[in-house]
Amino acid sequence: MEYEVIIGLEVHAELSTKTKIYCGCSTEFGGDPNTHCCPVCTGMPGALPVLNEKVVEYAVRAGLATGCEIARESKQDRKNYFYPDTPRAYQISQYDLPLCEHGHVDINVGEMSKTIGITRIHIEDDAGKLVHDGYTGGTLVDLNRAGVPLIEIVSEPDMRSAEEAVAYVEKLKGILEYIGVSDCKMQEGSLRADVNLSIRPVGQEKFGTRTETKNLNSFRSIARCIEFEIARQKEVLESGGVVLQETRRWDDEAGEGYAMRTKEEANDYRYFPEPDLMPIRLSEEYIQNIKDTLPELPESRRARYISEIGLPEYDAGIITSSKHLSDFFEAAVAVCGNAKSVSNWIMTDIIRIAKDKGVEYNELPFTAENLAKLIMLIDKGTISSAIAKKVFEEMVETGENPEKIVEAKGLVQISDEGAIKEVVDRIVAANPQSIADYKAGKDRALGFLVGQCMKEMKGKGNPQILNKLILEHLNK
Amino acid sequence: MKNICELTAHEIREAYESKELKVTDVVKAFYEKIKVDDEKIKGYITLCEEEAIAQAEAIQAKYDAGEKMGALAGVPIAIKDNMCTRGVKTTCASRMLENFIPPYDATVIKKLKDAGAIILGKVNMDEFAMGASTEHSAFFKTHNPVNLNKVPGGSSGGSAAVVAGDLSPISLGSDTGGSIRQPAAFCGIVGLKPTYGLVSRYGLVAFASSLDQIGPMTKDVTDAAILLNTIAGHDEMDSTSAKLDKKDYTKALVNDVKGIKIGIPKEFFGEGVNSEVKEKVLAAVKTFEELGAIVEECSLPATEYCLPAYYIIACAEASSNLGRFDGIRYGYRTKNYETMQDIFRNSRSEGFGEEVKRRIILGTYVLSSGYYDAYYKKAQKVRTIVKQNFDKVFEKYDLLLTPTAPSTAFDIDSKINNPLEMYMADLLTVPVNVSGVPAISMPCGSDSEGMPVGLQLIAKHFDEETLLRAAYTYEQNREVQ
């Protein structure tokens, strides 16, 4: 039987405010355990939360960037449950009156573009972290992350495949980076997704029973988890079983998901309005002000790269998918003026290197300015493209200025005709057979001779001049 | 001159200024009396003698140097044991927090320290402020100094008993449904519950966040005004604290109620109210009339729904507020566990007393899915109606006058096994918390057993001035009854 897959995502993004959502503690990642803490975020008796206004501003920015309606009045609610990483035994979240509702983002998968609805965006606080202590065999609690602000972005069940889900998260990540509300470092857990998935026979109107897999923190695990869950649900249905409504975990190492708890075991969170906090009231002026100061979004940059700079659509899409990459591109172009060349370096080398090193585009080992300088060295004819690749590898290793690398390693291209001619004369004289071959119509012989000359010149010969001089010899 | 321990805070303060008394002598006098009398009254859980005497010496030195001193400089005070005191145990009279030493001061404690007040110690209460008799303390029962066989009321029973028993001139209590006013009435002292939001709750271990309020418990109205001056004011650590200009409440201490309109809500004199209590309170009404106040009967029709609505809201909030006592980070942890669930379940089962568990279970129930609308939501609707009731009568009246409690102090152990009867002790005080308005309880005579009767004055939101003015006038003019 053919099945249709229905996917909705809940994406949690840590906001990049300097301080936590309800106290003045630092939100910085890392730090010795329990050093970014105070009576408020450790849930001491008597301590009270005070809402960080930046959190509201960031969430509203996210809402406006995804076309949401912004609530003029919203409130915060307590979500009650016991877990050692939740020091108050309740999370402060938003239940029935979220800050943002009814938004959407557009995604592209292959040639297709599609609109994914956003049900709501609300603010809440993150929990602490449980650390297994190998020494005692016990579990320790680190509350540095407790109280770091999050937004939860809930999508409509509009996605139909793993590709669409990944494209949606990529798009969201790009938007959040662009508007500067989250650094979206998936490997540090500052962007993570819960996948709600069900399948139904094609043509059936009623949704199938859905499962929710929690806390996926890479594009790869999102895609793999979805494929796994689709296959699992199909197998259950085809063997005559029923899919259970349950919460699941994904084990990325094992490449499989497993059930955590069923609907019957689910928590009753006993939501009720947080009495320690006042309702959030936003004026028209406040919202308009955020709207007016929203930075350029990926869609508009992409259009600009295509129409103004003349980049191919595909390249423009890739480069603008990440704010860091797009910023890198713009910074390099600002220095060297050669947008096509910068784009080529990004598409062929830089994306690969970021992936290999597992870093974000703002964490590359070299600066955009240095890439621009490298391109200028090529454009001026100081080095050849072949040498440039070597210089680039050196930049990746050391982050050094390419001009200095070229100088230190004596890689400056030799364009002096006299010097090149001397080498060419010598090589041609030593290879009479090649000349004969060429004259007999074997073009390969030219390449051989160029190669021999380059070898002699340790790759520094200007290839155009070299070619020209050899041809002169051959055509005598 | 009176014995040192019988003095009010303002009398002590004046004696420092006139050099009749030394701070160190006063503080030592209280500790000496505590050592003798608290054996019987059992008001204090923790004494801070060493720190208090060191502080007394430092403050006396400043007096001697002729420095300008704060309104409470060198004045001893007792603190209900649910307000966090840095470095001093804050137990909430619970096994759960028996050894809990807070790393920070509540805002009110900070303000008291800044004003030079000297904390004598932390006083007993019903566990987590849940109760009306201080019999629900996990440690011991406090006795009423007027008659040691009687309860002092609750939950701020320790705060009331130490002031009535001359073991501290003033104290702080907290009031969620009457916990300042009812023990003040039972012990024959003054207890003021300020408007919700006037005094910061930061550092007050929460029972019901939308109802809790800290307030003064004192021997006279003047002390209540002075203490309120010190603790009131906006606190950026408490989002529910009101942003208002600072007032000097002692300016409201004017001996004049002429033309003040006082409403007598008939629902507060109904069946459940003891006839001797009614009689004394109506005598006070007469006194007000004689002093020139305009007195009329009025009605708060939603009053009968206040008590159930109150217990639903208070328990719902408590069930969430007390979730943090899970045995993980601080407080009591069971020795009997294998799994994480065991730690939670057994720590809470063993660490909380019966009354606290009863309220957590009740609160959990009313918030559960499927029951929320029928209980919590409906209670919130009642709350809105009660507020409207109060707004309406306050269009016409400046104050309301009622009994504070339906009875006088009852015998120790007489109601401990009957929670419903115990809850009735809050009947006349909870409407005030539900609507958020301020109220004061002060003595208006005694019953045939010699137990004090309290009258309650209720004012509009943030109109503590009219409240204090009327209370002060009555205090200056009442005949010994």
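None of the values given here were measured: they were computed from a predicted structure. Numbers restart at 1 for each chain; the letters A, B, ... are given by sequence-line order, proteins then strands.
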Ranking A:P273, A:A47, A:P49 by heavy-atom pairs under 4.5 Å to chain B gives rank one to A:A47
Cut-off 4.5 Å, heavy atoms of chain A, and the answer for B:Q341 is neither
Heaviest contributor of heavy-atom pairs below 4.5 Å to chain A, chosen from B:S319, B:S320, B:S209, B:C92, is B:S320
Here the gap from B:M125 atom CE to B:K122 atom NZ, rounded to the nearest 0.5 Å, amounts to 9.5 Å
Of the listed A:V141, A:T86, A:D276, the one with the largest count of heavy-atom pairs under 4.5 Å with chain B is A:D276
Original post:
Using a distance-only test with no angle check, is there a side-chain donor-acceptor pair under 3.5 angstrom linking A:T119 and A:E156?
Top reply: yes
If one checks every heavy atom of B:R345 against chain A at 4.5 Å, the contacting part turns out to be neither
Okay, B:Y376 and chain A: the region with an atom under 4.5 Å from a heavy atom over there is side chain
Per-residue tally against chain B (heavy atom, under 4.5 Å) across A:C23, A:G46, A:G43 peaks at A:G46
ask   = Is there side-chain contact between A:R78 and A:P275, with at least one heavy-atom pair below 4.5 Å?
value = yes
In terms of heavy-atom pairs under 4.5 Å with chain A, the winner among B:N82, B:N321, B:V366 is B:N321
Honestly, the part of B:D212 sitting under 4.5 Å from a heavy atom of chain A is neither
Cut-off 4.5 Å, heavy atoms of chain A, and the answer for B:I328 is side chain
*Quick one: are the ring centres of B:Y375 and B:Y365 less than 6.0 Å apart?*
yes
- Task: Verify the ring-centre separation between B:F344 and A:F82: is it less than 6.0 angstrom?
- Result: yes
Bottom line for B:D326: the part with an atom under 4.5 Å from chain A's heavy atoms is side chain
Most heavy-atom pairs under 4.5 Å with chain A, out of B:A106, B:C84, B:G203, belong to B:G203
Okay, A:P87 and chain B: the region with an atom under 4.5 Å from a heavy atom over there is both
Assert top hit (heavy-atom pairs under 4.5 Å, partner chain A, pool B:P102, B:S210, B:G323) equals B:G323
Is there side-chain contact between B:V199 and B:D235, with at least one heavy-atom pair below 4.5 Å?
no
Self-check item: Under 3.5 Å donor-acceptor, B:K89 side chain and B:F100 backbone
Solution: no
So, the part of A:Y81 with a heavy atom under 4.5 Å from chain B: the answer is neither
If one checks every heavy atom of B:T364 against chain A at 4.5 Å, the contacting part turns out to be both
If one checks every heavy atom of A:D268 against chain B at 4.5 Å, the contacting part turns out to be side chain
Does any donor atom in the side chain of A:E14 or A:H12 lie under 3.5 Å from an acceptor atom in the other side chain? no
Turns out that what part of A:T42 lies under 4.5 Å from chain B's heavy atoms comes down to backbone
Nearest heavy-atom contact between B:T334 and B:S347 is N-OG, 3.0 Å
So, is the end of the A:K79 side chain (NZ or CZ) under 6.0 Å from the ring centre of A:Y269 and within 45° of the ring's axis? yes
Distance col, row A:L282:CG vs A:L99:CG, nearest 0.5 angstrom, shows 6.5 Å
### Query
Do A:K129 and A:D85 pass the salt bridge (charged side-chain N to carboxylate O under 4.0 Å, His left out) test, and can you show the C-alpha distance, the side-chain angles, and the key distance before you say yes or no?
CA-CA 6 Å; A:K129 229 192 253 173; A:D85 65 4; over 6 Å; no
Honestly, the part of B:P103 sitting under 4.5 Å from a heavy atom of chain A is side chain
